[in-house]
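What follows is a short report on a single structure.
Computed from a predicted structure; not experimentally measured.
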Amino acid sequence: MLVSRRNVLRGAAALSLLPLAARGASPADLDVAVVGGGASGAYTAWRLRNANPNLRVRLFELSGRIGGRLHSVSFPQAPHLVGEVGGMRFLEAQRHVFPLVKKLGLPMRGYPVNDPEDRVAMRGKSFMNKDAGIPPNLVPYTIPAADQSPSSDLFMRATERVVPDARKMTRARWLRIRSHVHYKGRLLKDWAAWALFADLLTHEEMEYLVDTIGYDDVFLHQTALEAFDFTFLADDESKPFFTIPDGYQRLPQTLASEANRLGADVAMRTQLASLVVPDSAGGDFTLGFTDADGRLSTLTASRVVLAMPRHSIELIENFPALKEPRFAALIASVNPIAACKALLLYPKPWWKDLGIEGGRSVTDMPARQFYALGAENERLPAEPANGYGVLMMYCDAFNVEYWKELVDPAAVGAAGFQWLDGNSQLASEVHREASLVYGTTPPAPVAACFQDWTANPFGGAWHNWAKGADSLALADRVMKPLADRHLYICGEAYGTHSPGWVEGALERAETMLQTHFALPRAQWLG
C-alpha cells in the first residue's frame, strides 16, 4: 500500500510533538494518521514532518492521485495545455495559499477572469463585458436600466435594509456585531439566505443577480449570516487572480512529495473503512484500511486527522462516533454544494478571432460559465498550447443534474471524472451553448472530459454552512469534535470565510496545527 518517495506524484492543551515512544508510553503504530490527500491533508503531513523529523506520520489517500478537489488534466493532443476540473485560481491577498506557493518555489502566472471582450449572454441577448449594461446593450429583465449598469448598487441597497451602515462597514466592526444582527426579529444565522434576499429584492432582481454572478448557489444552501460574512469579510475578488501554470494540483502534489522526502509515509489507493475511538483520553485509535485489492489491514495511531469533507467522513463504514448525536450534528453542520465542469478541446482557440484572449463569459443557459484557455497573453514559453484551445464549462447547484443526464455514470473509483468523445452528447450540447454565447460557429471539438463533484467520495465541490449554524461559533468545535480525544477534522468544508477555496483548506489545517499540535506559526506566513 505504501508508495516510495519517488512514486508519490503518480497519481484541549496543545500536544507535544515528541513521538509517543519518546514520551515513555506504549507506542502506537503511528504518532499521527492523516486521512485525505487533498490540500489540507498534504499540508498537514508536510508541516508535521518539517516540525519534527522523528514524528511517525502517514498520509492515506483513497484514490491513485494526490489532490482531492484540485484536479489538473490535459488532453493527449495538447499535453502542455492544462485545464482544471477542480479548483483553479487564488488571490495574492489570500494569507495562506499565496505565500505557500512562493515558499515552495512553484511558478505563478495571472489567471484572467472578467476581460472586457468576454461575454454576458442572458435571455437571448449577448454583449461584450465592456458594453453590457450600458444602453442600448440591456438584457430584458424588468428592472431599471441603472441596475444593469456595471456601477449598479442594487445588492448594496438591499444589504443596507438589514445593515444600515453597510457601505462604511469595516471587518473589525462586522466581527463585533455579526452574531447579533436581526432581520424581522430573526438572527441572520436562522435565515436561509435565499429567503432573506427574496424578501429584500423582487423576483426579477433576484434572477438578474444570480444570472450575472454565474453561480446558482449564491443564495442557496447557506445562511444569511454566511452571505453577509462574504460581503464584509471575504478577500477582494476584483483583484487579479493567479494560478500555477502546469496545474493547481501541483500544490498538494508538491506538499505530499516533500512530506515523503522528509520521511512521512504516503499510502495511495487506501480507503479508511473503520475508525474506532479509544475508550480513554490517552488511548490509541484503531484504524482499518482496505487496499485496491480489497485486502484489510489495521493499525493504531495516537492522533488522527481527518482531512476530509462531510460526505467522505459519512462514508466511513465503521465509525461508531458518527452515531453520537453531538458528533453527527457537527458533521452535518455544512451542506455540500453540487458543481460540475466539462473541458472541450478544439483544434484552435477560435475565441481569439473574437478578440478574447482568456477569461470568463457568463450565461443564463445551463452551462452558466465558460472559460477560454490557450490564448492567454501571460502563457509562459514552457507551456505551449500546440495550436489547440480548451473551453471550460462550469456550473453549480440546479444545472448539474442537466449535464449528468447527458453522460453515463463515471466508472466506480473514478470519483466522477471521465473522458468523452468530441461528438458525445454532453460535448455537443456544451458546444451548442458556446456558439450562442459567443455568437459564432466554432469548429467541432476534438475531445472532451467531464467532472461531476457530487460523486463519491466528495459529495460536493464545496460547502456552505447550514441554517442555524454560525461558522465562527462552530468551526473550531468541528476541528476537535470529541473534547477529550485526539481526533481532528480540517479542510475547506468546515472553514470560516473561504468556502470552496484552497485558502480555507490551508487556514483550517494551519490553525489546527498551531492550536492542537503546538506548532509555531510558519515564518513564511508573515
Side-chain angles (χ1 to χ4, degrees), residues 113-169 181 183-184 186 188 191-232 234 236-238 337 339 356 359-371 393-400 402 433-434 436-439 464:
V113 177
N114 295 314
D115 282 359
E117 289 76 20
D118 289 325
R119 295 281 176 155
V120 176
M122 311 288 178
R123 296 190 176 180
K125 293 184 177 292
S126 179
F127 308 109
M128 287 189 288
N129 275 342
K130 64 183 179 182
D131 298 328
I134 303 171
N137 303 311
L138 301 178
V139 183
Y141 292 81
T142 53
I143 62 175
D147 283 332
Q148 291 196 35
S149 165
S151 61
S152 170
D153 64 350
L154 173 61
F155 181 78
M156 186 54 68
R157 295 200 313 270
T159 302
E160 285 179 312
R161 293 176 58 188
V162 182
V163 185
D165 58 347
R167 294 178 196 266
K168 298 183 293 183
M169 185 62 62
V181 176
Y183 179 67
K184 293 190 172 181
R186 186 182 298 159
L188 293 183
W191 274 96
W194 68 265
L196 183 144
F197 281 97
D199 196 62
L200 298 171
L201 299 163
T202 69
H203 177 73
E204 281 288 275
E205 288 170 338
M206 286 277 285
E207 289 286 300
Y208 177 77
L209 283 175
V210 172
D211 287 349
T212 53
I213 288 171
Y215 293 92
D216 291 329
D217 86 308
V218 63
F219 297 131
L220 182 70
H221 292 321
Q222 64 175 318
T223 68
L225 179 59
E226 189 171 13
F228 279 74
D229 279 347
F230 183 83
T231 299
F232 299 125
D236 184 359
E237 294 186 20
S238 69
I337 304 300
I356 296 172
R360 180 184 75 151
S361 293
V362 178
T363 179
D364 59 351
M365 290 187 285
R368 297 298 275 121
Q369 300 183 52
F370 288 105
Y371 279 79
M393 179 279 291
Y394 176 23
C395 72
D396 69 326
F398 309 114
N399 289 296
V400 174
Y402 179 91
E433 292 190 20
L436 295 172
V437 168
Y438 292 99
N464 289 332

Run the salt-bridge test on [X] and [Y] with the 4.0 Å N-O cut-off and return the result as yes or no.
{"X": "Asp115", "Y": "Lys130", "value": "no"}
{"X": "Glu204", "Y": "Arg123", "value": "yes"}
{"X": "Asp131", "Y": "Arg119", "value": "no"}

Decide yes or no for [X] and [Y]: does some side-chain heavy atom of the first lie under 4.5 Å from some side-chain heavy atom of the second?
{"X": "Phe127", "Y": "Val139", "value": "yes"}
{"X": "Lys184", "Y": "Val162", "value": "no"}
{"X": "Met122", "Y": "Val120", "value": "yes"}

Would you confirm whether [X], through its side chain, and [Y], through its main-chain N or O, come within 3.5 Å as a donor-acceptor pair?
{"X": "Thr363", "Y": "Ala121", "value": "yes"}
{"X": "Gln369", "Y": "Val362", "value": "no"}
{"X": "Gln222", "Y": "Val218", "value": "yes"}
{"X": "Thr231", "Y": "Ala227", "value": "yes"}
{"X": "Ser126", "Y": "Val437", "value": "yes"}
{"X": "Trp191", "Y": "Tyr183", "value": "yes"}
{"X": "Glu160", "Y": "Ala166", "value": "no"}

Inset, instruction - If the plane angle is over 60° it's perpendicular, under 30° parallel, otherwise tilted; pick one for Tyr208 and Tyr141. - result: perpendicular

Inset, instruction - Anything under 30° is parallel, anything over 60° is perpendicular, the rest tilted; go ahead and classify Tyr394 against Tyr215. - result: perpendicular

Inset, instruction - Sort and list the pairs that fulfil salt bridge (charged side-chain N to carboxylate O under 4.0 Å, His left out) and have at least one residue in residues 214-226, not counting sequence neighbours. - result: Asp216-Arg368

